[in-house]
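Counting starts at 1 for both ligands and their atoms, in listed order. Keep in mind that the numbers below use all heavy atoms, side chains included, and drop hydrogens, waters and symmetry copies.
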Amino acid sequence: MKSIAVLCSGGDSPGMNCAIRSVVRTAIAEGLDAYGIQRGYAGLLEGNVKKMDVSSVGNILQHGGTILQTSRCPEFLNADIRKEAAHILKRKGIDALVVIGGNGSFNGAYELHKEHGIPVVGIPGTIDNDIEGTDYTIGFDTAVQTAIEAVDKIRDTAHSHERTFIVEVMGRKSPDIALYVGLCSGAENIIFPTKDETVNVDAIADDIKRGIKRGKHSSIIIAAEGEVEGMSHRVKEELNTKHGIDSKVCILGHIQRGGNPTANDRFIASQMGYHAVKAIIAGQPASATVQRKGQIFATDLKECLGKKFDVDPEMMEIVKTLSI
Ligand code: ADP
């Protein structure tokens, strides 16, 4: 093992730079050559690979985004294309690959390992906190913090005008951002629209009316963006036409992906980058760094190829209890 490369893939998340810095510096400290691949798997296929030194990752850990940039690369689902990627890695003298990304990126890394024997490590980097096998993914804390600050501001105007707001947060197939933001911002309700379930607008309306009766001046409903586009606007429409409740929709969107990573994201990303390199040096063939019960370590990548979608019923119960 002489050299390793690192890339970011899929959606970006705050804290990716901390992980890049940690991978590069740990590798160099261990006597390895470190390479950065620009623009994810797409950049790998273009041979967009550059040698990284200690100072190339200086002054980056506090910044959101990723200095290596990221991309989605549908071609990588094709085995022939992955074969080409494996050849490029060999030609460039790269012995192992660290992939910072979400569940899709992990699957790409696993295929590359299975088919071509390249040692790989996945570092979970996604704001959605939805990767199987780890309690935490880098970027989640920052995204939640950004959304909470936005909802606090919305609450000011909602209270002044005695309004109901439906605030849509990110997490297309993952409930965690909505759940945490709902609890931490004192939301009256949280909705998780999925393809198979209709949102119970009657129940939401009952809650709002009960709140008004007991003297509440505003209601905030947090909506996970869900798989069905425009759901928040449909809820608004039904609240108005069926229940006579006027509301505003605010979609937070991509601001949740940006910004300086929080202490927690820096803390975890720095440790995961370190453990990723250590796993490669220890000869683990395909691994992922995870956090479980507060411990950070590298485990078998196969444990982390799935996506989780669990709405913790107890958390929902707490949200409802505290918003009476
Ligand atoms: P994320 O990694 O954030 O979940 P995506 O699901 O979009 O984001 O995946 C990122 C990239 O990973 C895809 O554009 C593709 O290049 C690669 N990828 C995803 N799934 C697979 C798969 N099953 N096999 C090979 N590569 C995959």
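- Every atom of ligand 1 is numbered from 1 in the order shown, and the set under 4.0 Å from a heavy atom of Ser9 is 10 (C), 11 (C), 12 (O).
- With salt bridges taken as basic N to acidic carboxylate O contacts below 4.0 Å, none links Glu111 and Lys302.
- Of the candidates Glu111, Lys307, Glu75, the one placing a heavy atom closest to atom 24 (N) of ligand 1 is Glu111.
- Polar contact check, Gly10 against ligand 1: no nitrogen or oxygen pair lies under 3.5 Å apart.
- For atom 19 (C) of ligand 1, the nearest non-hydrogen atom from the set Ala109, Ser71, Gly104 comes from Gly104.
- Partners of Asp156 under the side-chain hydrogen bond (donor to acceptor under 3.5 Å, both in side chains) rule, at least two apart in sequence or in another chain, do not exist in this structure.
- Listed by first and then second residue, the side chain to side chain donor-acceptor pair (under 3.5 Å) pairs that reach into residues 272-292 are Glu30-Lys278, Arg292-Glu303, sequence neighbours excluded.
- Side-chain contact annotation: Ser55 with Asp53, donor-acceptor N/O pair under 3.5 Å present.
- A salt bridge between Lys242 and Glu237 is absent, with no side-chain N of the basic residue lying under 4.0 Å from a carboxylate O of the acidic one.
- Ligand 1 lies less than 4.0 angstrom from a heavy atom belonging to Asn103.
- Considering backbone and side-chain atoms alike, Tyr41 places every N or O at 3.5 Å or more from each N or O of ligand 1.
- Salt bridge absent: Lys2 and Asp33 never bring a charged side-chain N and a carboxylate O closer than 4.0 Å.
- Residue contacts with ligand 1: Asn107 is placed with no nitrogen or oxygen under 3.5 Å of a nitrogen or oxygen of the ligand (distance criterion only).
- Under the 4.5 Å side-chain criterion, counting only non-hydrogen atoms from C-beta, Ile204 is not in contact with Asp207.
- Looking at ligand 1, you won't find any N or O of Gly101 less than 3.5 Å from one of its N or O atoms.
- In the vicinity of Gly102, heavy-atom distances shorter than 4.0 Å reach the ligand 1 atoms 1 (P), 2 (O), 3 (O), 4 (O).
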